[in-house]
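Remarks on the structure that follows.
Because the structure is predicted, anything quoted here is derived from the model rather than measured. We name chains A, B, ... by the order of the sequence lines, and we start the count at 1 in each one.
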There are 2 protein chains.
Amino acid sequence: MDVKQSRKYTVKEISALAGVTVRTLHLYDRIGLLKPSYRTEKRYRLYGEKELLRLQQILFYKELGLPLAEITDILEDPDFDLVKALEGHRKALESRKERITEMLATIDKTILNLKGKMNMTHEELYAGLPKEKATAWQKFAREKWPLQMKHSEQTLLKMSKEQFSKLQEGFKANIVALATLLHYAPESPEVQNEIAVHYQYIQQFWGRPENIGEAYKGLGQLYVDEPLYTTVNGVANPDFAVFMKAAMDYYVDTNL
Amino acid sequence: MDVKQSRKYTVKEISALAGVTVRTLHLYDRIGLLKPSYRTEKRYRLYGEKELLRLQQILFYKELGLPLAEITDILEDPDFDLVKALEGHRKALESRKERITEMLATIDKTILNLKGKMNMTHEELYAGLPKEKATAWQKFAREKWPLQMKHSEQTLLKMSKEQFSKLQEGFKANIVALATLLHYAPESPEVQNEIAVHYQYIQQFWGRPENIGEAYKGLGQLYVDEPLYTTVNGVANPDFAVFMKAAMDYYVDTNL
DNA sequence: CTATGCTATGACCTAAGGTAAGAGTCAAAT
DNA sequence: ATTTGACTCTTACCTTAGGTCATAGCATAG
């Protein structure tokens, strides 16, 4: 006849049955959300079917995202206005969702923005090169100097608009200055001064890894291999490419 | 010439300029996210333009929902992969949004379920009674017998559809049975048997396992006051109302 | 010189547990 | 009977991003 004399469950059993941790049961006990039907002599918690059922209820409401305090109220007070609570909670969730949607939009915009900046920069850096070649170069460079490329991207992406356009302009001016020095010897102090500036700019893109000298030389080689890289005011200039490579090689060999 | 010697800002000023609290600045200082450019003799924080700019950056990333620790990494480590971080964060946000969408769906289902059953309960218990009168009576009863009347929505929610419609049908049959006993005395065992069933049904509709005698009597009074309320086969029947009230009163007085 | 406003530090608080330490307990195997 | 391994207990610190005091020192205008 003792219907209530049914099965008793330990914390472990309950946790396995309901898919919660023991810690959770301890917590729920402490905050009075789910108390064991009784304790043993040694204060072991023992739960009955009733508590198991209540836990299911709790988990249901928890799945709705309700805070434990509110769940306690719901389960404790039979007169709790459940519909009102749910509708209020609904509104809160709705605005949270909206907020996330906004964040997603901003993130997408940011990522696009960043990628756009990357392209711009690379176009600037490898001006005159057809897009597919630029891409090929990027792929090549990424394989050969992965660290530099990564650094370059990170650096550019985090730059503010002002910083970025200043960098662009400065770099362009530097190239122009170098072009006007074409009749100087690549090893001349005038050229080497300007090359030092050029190197600084490149370094800003690439950071300062160990093999930057080699990579910098590689860039010079690229100028020669792809004359399109060295286009000043829309006019390709193979002589300039050779000049640059010589100046860059010299710079690396004597300064680094 | 000292470009860097520009303006210095106190915490209050920065907080006003950037729309954050002073506490936030303290926190950012402590976790190394935004340190003042220097401190005065008396350890007052002073920020420069650079820090103000950095704070803007911080707030931007914060708006994206990035945790402060990650923002620190982004701003501190030039090799931090921003795009990857943003894309990862995007995914996390996406799944959080999805989770909320699920919650909303579940909540809507639950509210609908609850409202449906409440309406049905309303229709069964106060059939024929205009809604405003029913509401008025509920309000009255709620105040008069707060512990008895306010029915637990919990109970309704827990009921399965089958259980609920069984309850509905049983109640309807019970009313019909009582109507056929109209020529018996309200105190007669035949009527009292059926009233006992009626009482149980009301108890279930109100979701109350405990004694609701007083409220139950109040319901009987309502029957009399609002004869429309007691319809038999869709026809209002004042005699039935009086009969019911007598039977209900007697039941409560002798059994509870 | 003082009233008032600004600042600094430290402490405790939030939600829902995670993680761990230290100690006691239970049941089965030795 | 004892040991071992699994289980349980409580206590307490940790997490986020600050909010909200409390206490005390500093600054500035009247």
Span of DNA chain C, from the first to the last nucleotide whose atoms fall under 4.0 Å of chain A heavy atoms: dA16(C) to dC26(C)

R96(B) atom CZ: more than 12 heavy-atom contacts under 6.0 Å: no

K91(B) and E87(B) ion-paired at < 4.0 Å: no

Contact state string [nucleotides 17-30 of chain D, B base, S sugar-phosphate only, - no protein heavy atom under 4.0 Å]: SBBB----BBS---

Short side-chain N/O contact from R45(A) to OP1 or OP2 of dC9(D), under 4.0 Å: yes

Parallel, tilted or perpendicular, as decided by the 30° and 60° cut-offs, for the rings of Y216(B) and H198(B): tilted

Criterion side chain to side chain contact (heavy atoms under 4.5 Å, CB included) on L52(B) and Q56(B), from CA distance to verdict: CA-CA 6 Å; L52(B) 196 49; Q56(B) 306 297 344; 4.3 Å; yes

Sequence neighbours excluded - salt bridge (charged side-chain N to carboxylate O under 4.0 Å, His left out) pairs with any residue from residues 16-37 of chain B: D29(B)-K35(B), D29(B)-R39(B), D29(B)-R45(B)

Contact list for DNA chain D against residues 87-97 of chain B - heavy-atom distance below 4.0 Å: none

Exercise: do S37(B) and K50(B) side chains pair donor with acceptor under 3.5 Å: no

Length of the line joining I31(B):CD1 and dT15(D):P, which is rounded to integer Å: 12 Å

Touch class at under 4.0 angstrom, heavy-atom based, for R30(B) against every strand present: nothing

Euclidean distance, K97(B) NZ relative to T101(A) OG1, rounded to 0.5 Å: 3.5 Å

Residue closer to the 5' end of DNA chain C, E41(A) versus L46(B) (nearest nucleotide): L46(B)

Heavy-atom closest contact (L93(B) atom, L64(B) atom, distance): CD1-O, 3.8 Å

Salt bridge (Lys or Arg N to Asp or Glu O under 4.0 Å) partners for E13(A), two or more places apart: R7(A)

Where A18(A) and L59(A) come nearest, the two heavy atoms and their spacing: O-CD1, 3.6 Å

Sugar-phosphate, base or nothing in reach of V22(B), heavy atoms under 4.0 Å: nothing

With E41(B) via salt bridge (Lys or Arg N to Asp or Glu O under 4.0 Å) - residues at least two apart: none

